Amino acid sequence: MKNLLWVLVSLAVLLAIGSAEKIRYDNFKVFKIKTKNVEQRKWLEQLASDSENFNLWHSGKDEVHIMVNPQKLINLQNYTRSYSLPMEVMVSNVQSLIDGEQSTRSTDDDSSFGWTRYYPLSAIEAFLDDILTKYPSVTSAIDIGTSYEGRKIRGIKISYKEGNPGIFIESNIHAREWITSATATWLINELLTSTDEKVRNLAENHDWYIVPVLNVDGFAYTHTTDRMWRKTRQPVNFSSCIGADPNRNYDSHWMENNGASANPCSETYAGTSPFSEPEIKALADYVASIKDRLNIMLAFHSYSQVLLSPYGWTADLPSNFDDLMAVAKAYADAVESLPYGTVYTYGTSSGAMYFASGATNDWAYSEQDILLSFTIEFRDTGRYGFILPPIQILPHCEETMAGLLAFVEKADELGYLNVKYTF
Ligand code: 0X9
Ligand code: ZN
Ligand code: ZN
């Protein structure tokens, strides 16, 4: 009898732990709100720092996408009504999108890797190991460093010969942007296995440095606990809020021009100092060590379908603005010519999106002289946002390849692929 009671108690405890495990978003909605000025946008961003009830999905030039706890909907409505800001439902139940995203998982297990579902970090690491054993003569492992929670940050170099111009891809710096690492792993596979002549040329005449998941702690957390997590997982002294926005943490005009937040509860919290986040320090050290080999830096993000060049910290235009726009246009045109008809726009980060300081592309451009540096915001424009359905992974990847082929071709034409180092 005593035994049975003990079993029941342990069961109840286990159930309690189990249900506390994953944050649920039942009936949480995402609204698209048209804003008229920066003040209104700032106010909505301020509201979103109540991170238990609100979450900023996107804050663009003239619209904000904000996720709301159904119980706090009235707070949002009061504001939008008093300023008569048009507001429409973008996602009516975030949890059902999350459930839908997971539903494809039963078809295969974590060990057989592919691109019809999303995988946890362990599977991505196993994929990298598999690639490294299958293609030992052209691939090598990159050890970027260690995360706050002690995970390894891994990358892969693909090089078919000496003397190639280099392309660096940083991916999944924001934890919830799962389509970015799905795309990065697909790209690795494609560069090694495609028989398409154009892709072979892209693979064999360029050196590729690819980090599929940079924010490993945050990414693991999106799988175990909170699908909507964006930041790192390093605690902040004297705050109950955790993590910094890793894409505000690079040492380049850090915290200037309101391009980041000093509030630890904000989704754009810049951290206590430049490179306070070990993941960002590690990536920066690695990139700095090979900067003479790099001609192109791409940071994969989602969502919005836009290519963003420097600068994010100032409205000034970079000196090679015309060239940057020419390569971005080549990417966008190539994507649009595919039957999916996906439209990408382009511009500087500050011009086409918002002020953001301490981001990868600005740092790579200004501090490492990598003159073709972009943030690419992948699919979609808000229908599913970060929870892009698995069925879209492959079409999206195909688009990315078309975009990259055109981008690199234009870069070459404009003289950006000359090798900077002697060998
Ligand atoms: O805010 C960001 O970090 C990026 N957008 S996201 O929705 N994925 O968070 C845009 C960064 C643009 N780059 C610069 N501002 N330099
Ligand atoms: Zn400055
Ligand atoms: Zn992002």
Side-chain angles (χ1 to χ4, degrees), residues 30 41 45 48 55-61 63-67 169-184 211 213-215 218-219 222 228-232 243-261 266-271 274 277 279-280 297-318 321 324 328 344-368 370 372-382 384-388:
V30 182
R41 203 163 85 202
E45 284 175 15
N55 187 279
L56 209 60
W57 275 34
H58 170 85
S59 177
K61 278 188 88 64
E63 69 184 45
V64 166
H65 303 168
I66 189 167
M67 180 173 75
I169 292 176
E170 174 215 81
S171 162
N172 235 166
I173 187 177
H174 286 142
R176 61 190 173 187
E177 298 166 9
W178 285 7
I179 185 60
T180 61
S181 49
T183 308
V211 180
V213 183
L214 172 57
N215 183 2
F219 185 71
T222 58
M228 299 323 301
W229 192 257
R230 164 182 169 96
K231 300 191 282 183
T232 60
D245 183 344
N247 207 32
R248 299 293 181 281
N249 195 239
Y250 282 90
D251 192 2
S252 187
H253 305 277
W254 184 79
M255 275 289 265
E256 284 179 36
N257 298 344
N258 289 319
S261 173
S266 162
E267 291 286 34
T268 56
Y269 174 53
E277 307 312 289
E279 301 81 7
I280 301 312
M297 162 66 85
L298 302 175
F300 285 178
H301 287 254
S302 72
Y303 59 93
S304 289
Q305 292 172 198
V306 55
L307 291 106
L308 301 168
S309 83
Y311 298 107
W313 72 276
T314 171
D316 293 352
L317 298 182
F321 175 76
L324 286 161
Y344 275 70
T345 56
Y346 46 88
T348 66
S349 301
S350 57
M353 213 158 178
Y354 42 66
F355 274 76
S357 55
T360 310
N361 60 338
D362 280 7
W363 175 81
Y365 182 88
S366 300
E367 321 300 332
Q368 305 300 313
I370 304 170
L372 290 185
S373 290
F374 277 91
T375 299
I376 310 183
E377 301 275 358
F378 287 157
R379 284 194 192 190
D380 56 14
T381 55
Y384 298 99
F386 304 112
I387 315 168
L388 193 72

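Any value given below was found using the heavy atoms of this structure, including those in side chains, with hydrogens, waters and symmetry copies removed. Both ligands and their constituent atoms are indexed starting at 1 by order of listing. Predicted model, so just to flag it, every value in this text is computed and none were measured.
Taking every non-hydrogen atom of R230 and a distance limit under 4.0 Å, the qualifying atoms of ligand 1 come out as 1 (O), 2 (C), 3 (O), 6 (S), 9 (O). Those atoms of ligand 1 that come under 4.0 Å of a heavy atom in T375, given as number and element, are 12 (C), 13 (N). Ligand-side atoms of ligand 1 in range of L308: 12 (C), range being under 4.0 angstrom from any heavy atom. Counting the atoms of ligand 1 from 1 in the order shown, those under 4.0 Å from a heavy atom of A359 are 13 (N), 14 (C), 16 (N). Under a 4.0 Å criterion applied to the non-hydrogen atoms of D362, ligand 1 contributes the atoms 16 (N). Residue E177 has at least one heavy-atom neighbour below 4.0 Å for each of these atoms of ligand 1: 6 (S), 8 (N), 9 (O). Close approach to H301 involves these atoms of ligand 1, each under 4.0 Å from a residue heavy atom: 8 (N).
Considering just the N/O/S atoms of H301, the one nearest the Zn ion (ligand 3) carries the name ND1.
Using cut-offs of 30° and 60° on the angle between ring planes, the pair H253 and W313 is parallel.
Across Y354, Y250, Y311, heavy-atom proximity to atom 2 (C) of ligand 1 is greatest for Y354.
The shortest contact between atom 4 (C) of ligand 1 and any protein heavy atom is with E377 OE2, 3.2 Å. The closest protein non-hydrogen atom to atom 11 (C) of ligand 1 is N247 ND2, 3.5 Å. Counting only heavy atoms of the protein, atom 15 (N) of ligand 1 lies nearest to A356 CB, 3.1 Å. Of the protein's heavy atoms, S349 OG, 3.1 Å lies nearest to atom 13 (N) of ligand 1.
Under a 3.5 Å cut-off, the side chain of N257 and the backbone N or O of G259 do not form any donor-acceptor pair.
Counting only N and O atoms by type, the side chains of D245 and T268 include no donor and acceptor under 3.5 Å apart. One side chain, H58 or S304, offers a donor N or O that lies under 3.5 Å from an acceptor on the other.
Distances between N or O atoms of N361 and those of ligand 1 include at least one value under 3.5 Å.
Of the heavy atoms in H174, only side-chain atoms (C-beta onward) come closer than 4.0 Å to ligand 1. Looking at S302 against ligand 1, only its backbone comes within 4.0 Å, counting heavy atoms.
Because the distance cut-off is set at 2.8 Å, E377 fails to qualify as a neighbour of the Zn ion (ligand 3), as none of its N, O or S atoms comes that close.
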